[in-house]
Amino acid sequence: MCDGRTFDTVADLGKHPLVNSLVAKKDLAKKDPVFPLVVKQCRKCGLVQLVDIIHAEEIYKNVDYLYFSSDMPGLDKYFAPYAQDVKDRFIQNPSDLVVEIGSNDGILLNLLKDGARVLGVDPATNVALRALKRGIPTVPLFFSERLAGQIRNEWGQAKAVIGNNCIAHLNDLHDLIRGVDLLLAADGVFIIECNYWGGMVKNTNYSLIYHDHYSFFSVKVWRQFAARYGLTVFDAVVTPAQGGSLRMFLCKDGRPATDRLQALIKEEADTRLNAFATSVRYNRNVQASAKKLRKVVDGIKKAGKSIAGYGAAAKGFTILTCSKIGAKHIDYFVDDSPAKQGWYTPVDHIPIISRAEAEKRLPDYFIILAPNYADGIIAKEADSLFRKQGGKFIVPVGSIDIR
Ligand SMILES: [Zn+2]
């Protein structure tokens with residue numbers, strides 16, 4: 001973000017497969033590639049990031065992009081107040097244009113399309129096709145400055161440009177922000193929702209660290225970065241998504257900082273969030289948490305009990321790899337997304353099955369692979385056969401709770 005070239009190592013997490021590269025049955029004999037996962041921090045601006053990055057073309061090569069937003073439980077409910085906030089504050093009339101970068105199957109734009117003109121941008125063809133089917137115009141390309149210019153020519157300038165959970169996937173943030181600047185009307189807003197380094201540190205959450213995520217953001221680094229392009233972060237809030245996501249609002253017309261933004265800036269300063277010493281402490285906590293998880297799992301296996309994975313979510317695989325938990329510990333993953341069923345996890349080749357199939361061989365423990373959804377999952381399962389049989393959940397981050 002600052003073009004700095006000096007980095008300090010925050011965490012060396014070893015070698016990991018690409019988490020979204022689920023393996024088809026016919027490819028089980030092949031060896032899956034693994035890549036180092038080393039987190040570093042820029043000495044100049046404080047951005048926590050992967051330095052040896054794997055390009056998106058490689059990450060998504062030969063893989064059907066398996067994540068459909070609308071398949072995620074509760075995501076519609078999460079986006080409803082978000083969409084309402086955008087409408088209330090930033091959209092004045094139905095001719096206003098909203099462009100969403102990384103729009104997936106159009107889950108958010110679907111909630112905005114009645115009050116505005118909407119356009120999605122998402123390079124994954126299969127999710128773009130799903131969006132088109134539900135009437136959300138979607139460009140199946142990577143967002144870039146060039147594409148932003150083309151959109152502006154055809155659709156005009158945007159009142160809002162939104163990017164949810166996609167900014168961390170971009171290697172060239174300069175190109176992104178130049179594109180946004182080009183596309184955004186003078187009174188428009190750029191809304192970003194991304195991972196929050198503050199939440200990761202607070203909760204010892206390392207489930208978001210995998211090759212798809214190049215950066216881990218704070219308010220401070222974004223304020224510095226936006227200023228270089230004449231943009232101002234004027235509002236920000238930490239949302240409960242992903243165990244604490246950062247939603248930021250940027251403008252061109254220099255609006256004053258909201259109270260909640262000022263509070264966040266103060267909190268980052270008070271906790272020295274962007275200091276390298278904080279990163280060192282974070283790494284220590286992560287290593288201890290991974291070790292503890294392995295101990296808990298070993299104890300369960302020694303007692304002759306079975307464990308299965310709940311949700312084959314990408315964000316759980318880093319935890320398992322760091323804790324060296326694999327096929328000898330986990331019998332299968334259950335996942336509600338039909339797009340993942342019948343596939344196998346990379347390297348360990350643990351099968352992913354449907355809930356109906358899992359009901360026939362329920363484990364003693366489910367390890368929740370998307371720890372950010374733990375509360376929702378546990379509530380949803382309250383009356384399930386699994387619970388009636390005495391099944392327990394392992395929440396694999398932080399203090400490693402058995403619930
Ligand atoms: Zn930097």
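Index from 1, following the sequence. This structure is a prediction, so every number in the text was calculated from the model and none was measured. In each ligand, atom 1 is the first atom listed, and ligand 1 is the first ligand listed.
Under the 6.0 Å distance and 45° angle rule, Arg89 counts as a cation-pi partner of Phe249.
Taking a cut-off of 2.8 Å, the protein N, O or S atoms nearer than that to the Zn ion (ligand 1) are Cys2 SG, Cys42 SG, Cys45 SG.
Side-chain contact annotation: Thr239 with Tyr82, donor-acceptor N/O pair under 3.5 Å absent. Using modelled atom types and a 3.5 Å distance limit, the side chains of Tyr332 and Glu357 yield no donor-acceptor pair.
None of Leu261, Ile265, Thr258 except one satisfies the side chain to side chain contact (heavy atoms under 4.5 Å, CB included) rule with Val233; the exception is Leu261. For the ring-ring contact (aromatic ring centres under 6.0 Å, His included) criterion with Phe317, the lone passing option out of Tyr206, Tyr210, Phe333 is Phe333.
Ring-plane geometry between His174 and Tyr229 is classed as tilted, the angle between the planes lying from 30 to 60 degrees on a 0 to 90 degree scale.
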